[in-house]
Amino acid sequence: MTVGNPTTDSAELGGAGERIHLENVRKEFGELVAVNDLSLRIREGEFLVLLGPSGCGKTTTLRMIAGLETPTGGEISIGDETVTRTLPQERELSMVFQSYALYPHKTVRENLAFPLGKMDLDDDERETRIRRVAETLEIAGLLDKDPGQLSGGQRQRVALGRTIIREPRAFLMDEPLSNLDARLRVQTRAELRALQQDLGTTTVYVTHDQEEAMSLADRIAVMKDGELQQVGPPEDVYEQPTNEFVAGFIGEPAMNFFALTADDRPTLFPDDPVPLGTSLPEAAETVGVRPEHVHLASEVDGETPSTMPPFECGVDVVEPLGNAYEVELVRGTTTFTARQRSLPDNVATDATVDVVFDTDAVHAFDASGAALLEGGEVDG
Ligand code: ATP
């Protein structure tokens with residue numbers, strides 16, 4: 001599907017693309033604090049992804065923006081209007097859920113028309129909107145079919161169409177792609193991104209899938225235990241995580257963490273120490289190294305400037321990924337992962353290899369898990 005069909009001015013479809021501000025928003029369910037003092041400024045037309053593990057408060061946050069939950073404290077505004085206690089229907093937002101419930105006995109056209117029901121539109125306007133949405137999503141040929149006759153991907157598009165057709169002030173999406181198979185999910189994700197950019201409608205999207213977040217978001221807001229950990233563009237959150245949690249949550253394979261055995265210079269691997277070869281702030285307790293910054297030394301000769309002397313490791317497992325290799329390494333009792341684009345000949349299970357870290361790319365964390373070198377924004 002090419003989103004933004006040349007026969008359609010899809011910009012006309014977009015809502016106002018308004019900003020959404022949350023100020024110190026809190027939600028308690030009895031004793032449980034589901035969302036704790038969340039301040040987040042979502043910009044006009046932005047695609048903001050709320051990311052975090054199950055139970056961290058993402059859905060509750062989205063439901064408070066939608067008006068389906070009332071905050072225990074704090075304020076929510078859309079554009080210049082405070083909406084903290086207004087009814088969902090007065091907020092003019094559109095919400096897409098995991099299960100895209102279409103009316104099974106209505107045609108695609110009737111499903112698309114349904115959200116227009118109470119709007120003050122004449123028949124021509126109604127038909128124009130349906131046509132425009134259907135052409136943008138390339139489902140115009142399906143308008144007279146029933147949902148049962150459609151593929152999962154087509155049904156998802158009809159569900160998206162129902163979201164768009166109302167021309168809301170923002171889209172709120174809660175894991176809308178999770179019912180699709182892996183291939184279709186990646187394809188629909190790209191389409192969704194293109195569509196949102198085309199429409200320019202502010203979008204808040206909930207997921208626990210960091211890869212999905214990285215590929216969709218203008219900015220990612222990472223949450224844990226009801227608290228905002230960091231908000232920033234995907235590359236900032238990846239390259240400058242504010243704490244150990246964000247560093248470990250974002251990135252696949254995950255960042256390697258090493259406890260420092262600190263003397264006067266930082267060393268790693270307590271039972272077989274190796275000097276890190278670079279200085280770290282005094283408070284450093286843990287070092288994080290992404291798998292792509294772990295180099296098998298023979299590969300890296302003359303390429304990666306590293307102040308670290310190579311050290312020997314055993315090769316536990318080599319996993320070919322098609323375009324790269326994941327190598328599980330072990331030194332003493334510590335195991336960690338390298339990601340390599342190509343493998344030197346001598347690298348196979350049970351071999352001994354020389355390893356260096358790209359010391360310019362190491363992350364350091366203090367005892368509380370806070371990043372010590374460069375951290376990104378915590379407050380959105
Ligand atoms: P998931 O990805 O699993 O949906 P989430 O990050 O969206 O998780 P929420 O659904 O926002 O998390 O839930 C946050 C916390 O609030 C959880 O501990 C959950 O059990 C609790 N919670 C959510 N809704 C209610 C409710 N209506 N009553 C009581 N507790 C609730």
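Atoms within a ligand are numbered from 1 in the order they appear, just like the ligands themselves. Along the sequence shown, residues carry numbers from 1.
Within 6.0 Å of the CG atom in D350, the count of heavy atoms belonging to other residues, nucleotides or ligands does not exceed 12.
Closest protein heavy atom to atom 3 (O) of ligand 1: S54 OG, 2.6 Å. In terms of protein heavy-atom proximity, atom 2 (O) of ligand 1 is nearest to K58 NZ, 3.0 Å. Closest to atom 21 (C) of ligand 1, if we only count protein heavy atoms, is L32 CD2, 3.4 Å.
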| request: Determine, step by step, whether T207 and D209 satisfy the side chain to side chain donor-acceptor pair (under 3.5 Å) criterion, reporting the C-alpha distance in whole Å, the side-chain angles of both residues, the deciding distance to 0.1 Å, and the verdict. | output: CA-CA 5 Å; T207 183; D209 179 340; 5.2 Å; no

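Counting only heavy atoms from C-beta outward, the side chains of V222 and V237 approach each other to under 4.5 Å. Side chains of F311 and P275 form no contact here, defined as non-hydrogen atoms less than 4.5 Å apart.
Polar contact with ligand 1: present for T60 (N/O pair, distance under 3.5 Å). The shortest N or O to N or O distance between T61 and ligand 1 is not under 3.5 Å. Every N/O-N/O distance between F29 and ligand 1 stays at or above 3.5 Å.
Neither the backbone nor the side chain of H208 comes within 4.0 Å of ligand 1, counting heavy atoms alone.
Using a 4.0 angstrom heavy-atom cutoff, G30 does not count as in contact with ligand 1.
Remark: R290 qualifies as a cation-pi partner of Y238 under the 6.0 Å distance and 45° angle criteria applied to the six-membered ring.
Of the listed options P53, G55, G52, G55 places a heavy atom closest to atom 14 (C) of ligand 1. The closest heavy-atom contact to atom 10 (O) of ligand 1, among the options T59, L51, L50, comes from T59.
Note: F336 and F258 have perpendicular aromatic rings, judged against thresholds of 30 and 60 degrees for the angle between ring planes.
The pair R43-E18 does not meet the salt-bridge criterion, since no charged nitrogen lies less than 4.0 angstrom from a carboxylate oxygen.
Atom 27 (N) of ligand 1 lies below 4.0 Å from at least one non-hydrogen atom of the protein.
Remark: aromatic rings of F365 and F245 are distant, center separation not under 6.0 Å.
Interface of C56 with ligand 1, defined as ligand atoms under 4.0 Å from a residue heavy atom, comprises 5 (P), 6 (O), 12 (O).
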